[in-house]
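I have placed the structure first, in the form of structure tokens, so that the comments after it can refer back to it.
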Amino acid sequence: MGNFCGSLAPKPTKKRPTKRPPNPPSSASSSKIWTRGRSSRKETPDAALTQQQILAAAILFQQHHGRDPFDRTSSLRYPKSGSKNTNALPRSSSTRARSLTDPMLQPHQLVAQNVKLEDIETNHFVLVHGGGFGAWCWYKTIALLEEGGYKATAIDLTGSGVHSFDPNRITSLSQYVQPLTDFLEKLADGEKVILVGHDFGGACIAYAMELFPSRIAKAIFIAAAMLSNGQSTLDMFSHQAGADDLMQQAQTFSYANGNDHPPTAINFEKSLLRDIFFQKSPAKDVALASVSMRPIPFAPILEKLCLSESKYGSIGRFYIETPEDNAIPITLQESMMNKSPPQQVFRLKGADHSPFFSKPQALNKLLVDISKIKTRS
């Protein structure tokens with residue numbers, strides 16, 4: 001998202017060829033989703049297999065002796081003073097955990113263990129993407145949550161992902177969020193979910209929280225717009241002004257109603273996608289995004305939210321910071337939290353704007369741990 005208060009003059013959209021990285025060779029012993037490319041050094045099949053087995057055995061040995069690989073990539077900020085908090089995450093160290101893309105490793109080997117689903121209010125996560133993204137961006141998160149026994153539903157908002165509606169024809173936030181509100185409305189009586197919003201998805205889940213407070217157990221904002229009552233997403237991003245701002249350089253506007261009317265959608269220069277959203281993400285995920293991202297409807301960004309303490313304010317909110325974020329800088333994230341403090345704040349060390357790609361294991365661990373935290377009454 002970023003700075004939407006720059007010049008609204010239309011920019012010519014330059015089409016540049018997008019090179020997709022070659023698909024890595026498949027391996028019968030590793031997941032098709034998590035396989036990554038081999039080293040360019042030539043190895044015999046037996047030697048490569050032996051090396052993979054040694055690597056997998058070493059990590060499993062560490063786990064067996066109590067070393068949680070997620071502990072070194074995430075940390076809890078602002079713990080409650082006084083007594084120890086059993087829900088707090090351990091602080092991180094400088095050693096990086098192995099990636100889920102490592103050969104021979106299955107997702108369930110890295111997911112936080114000993115989760116008693118009967119002890120949590122709900123095990124159902126509803127994942128809401130950010131502006132320009134779609135349900136496709138959560139594919140790693142869905143796999144990890146389901147391996148841990150959770151249920152995960154990713155929503156395509158109107159005109160996003162595979163939803164066929166034209167983003168230029170979206171005229172309100174309620175229209176944009178309708179797939180999410182329809183989903184919540186159809187939940188069974190007494191059923192609750194944990195809403196997760198990324199980027200502009202933060203404003204979208206806030207809108208839903210005001211409508212369906214009894215159906216939402218918790219709300220998690222990931223590098224997201226966490227607005228105050230009477231604030232629009234444009235108001236929030238207006239604090240991120242600057243002539244040399246990378247986000248401003250990357251934006252092009254669509255004027256479906258004519259140049260003498262406000263923009264109808266925002267597009268991004270494909271050549272700058274990596275620098276803005278994915279500078280620490282795997283190349284294959286950047287390639288996926290480059291062919292999957294769609295224009296962001298402009299009207300919902302202008303809409304001011306009406307948020308009440310009795311509805312929106314009654315739901316426990318948690319924020320996950322992304323310190324290496326070029327789209328929503330950490331200073332802007334902290335400014336939002338200072339104005340509307342959540343129950344707890346977590347930080348994903350080394351995460352760019354898209355931690356579901358750059359830090360999938362650490363993000364999953366935070367989601368699981370937050371699901372076990374008791375919310376304030």
Side-chain angles (χ1 to χ4, degrees), residues 1-6 8 78 126 128-132 155 157-160 167 170-181 184-185 195-216 218-242 245 247-248 251 253 261-266 296-321 325 327-345 375-376:
M1 296 286 294
N3 177 22
F4 294 117
C5 63
L8 298 184
Y78 316 136
V126 176
V128 181
H129 61 82
I155 303 289
L157 300 177
T158 306
S160 304
I170 297 173
T171 58
S172 67
L173 184 60
S174 62
Q175 183 184 12
Y176 182 59
V177 183
Q178 187 172 349
L180 173 61
T181 53
L184 293 173
E185 191 172 20
L195 281 188
V196 180
H198 171 250
D199 187 83
F200 185 37
C204 298
I205 67 172
Y207 180 90
M209 291 161 68
E210 182 69 18
L211 292 179
F212 301 99
S214 64
R215 302 188 178 191
I216 302 167
K218 296 180 179 74
I220 304 174
F221 295 74
I222 304 173
M226 190 171 66
L227 307 180
S228 302
N229 180 45
Q231 190 178 30
S232 71
T233 303
L234 180 63
D235 293 336
M236 182 197 72
F237 285 118
S238 65
H239 299 292
Q240 188 189 342
D245 180 46
M247 179 67 72
Q248 185 174 332
Q251 292 171 359
F253 295 86
H261 290 81
T264 52
I266 304 169
I296 307 170
F298 195 73
I301 295 169
L302 301 175
E303 193 165 325
K304 297 182 183 296
L305 291 181
C306 294
L307 304 174
S308 65
E309 281 298 316
S310 61
K311 295 179 180 179
Y312 170 81
S314 68
I315 302 169
R317 288 178 290 119
F318 300 83
Y319 200 98
I320 297 178
E321 294 179 338
D325 199 322
I328 304 182
I330 188 64
T331 53
L332 182 55
Q333 296 179 41
E334 291 175 344
S335 174
M336 289 186 290
M337 287 181 283
N338 289 335
K339 292 180 180 178
S340 181
Q343 180 171 333
Q344 284 182 301
V345 179
T375 55
R376 293 187 297 233

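Keep in mind that the numbers below use all heavy atoms, side chains included, and drop hydrogens, waters and symmetry copies. Count residues from 1 along the sequence.
Checked against salt bridge (Lys or Arg N to Asp or Glu O under 4.0 Å), K304 has the following partners two or more places apart in sequence or in another chain: D235. Remark: S228 pairs with Q231, K339, S340 by the side-chain contact (heavy atoms from CB on, under 4.5 Å) rule, at least two apart or across chains. The side-chain contact (heavy atoms from CB on, under 4.5 Å) search around P179 returns I155, T158, H163, not counting sequence neighbours. With sequence neighbours left out, Y176 forms a ring-ring contact (aromatic ring centres under 6.0 Å, His included) with F200. Remark: Q175 pairs with T171 by the side-chain hydrogen bond (donor to acceptor under 3.5 Å, both in side chains) rule, at least two apart or across chains. Under the rule for a side-chain contact (heavy atoms from CB on, under 4.5 Å), the partners of E210 that lie at least two apart in sequence or sit in another chain are L307, S308, K311, Y312. Partners of S174 under the side-chain contact (heavy atoms from CB on, under 4.5 Å) rule, at least two apart in sequence or in another chain, are S172, Y207.
Using modelled atom types, no side-chain atom of D199 and backbone atom of G201 make a donor-acceptor pair closer than 3.5 Å.
Here the side chains of F221 and V345 are not in contact, with every heavy-atom distance at 4.5 Å or above. Looking at E321 and Y319, their side chains come closer than 4.5 Å, going by heavy atoms from C-beta outward. With contacts defined as side-chain heavy-atom distances shorter than 4.5 Å, the pair K218/Q343 does not qualify.
Note on residues 219-234: no pairs pass salt bridge (Lys or Arg N to Asp or Glu O under 4.0 Å), not counting sequence neighbours.
With V126 as the fixed residue, the side-chain contact (heavy atoms from CB on, under 4.5 Å) test singles out one of V196, I205, L195: L195.
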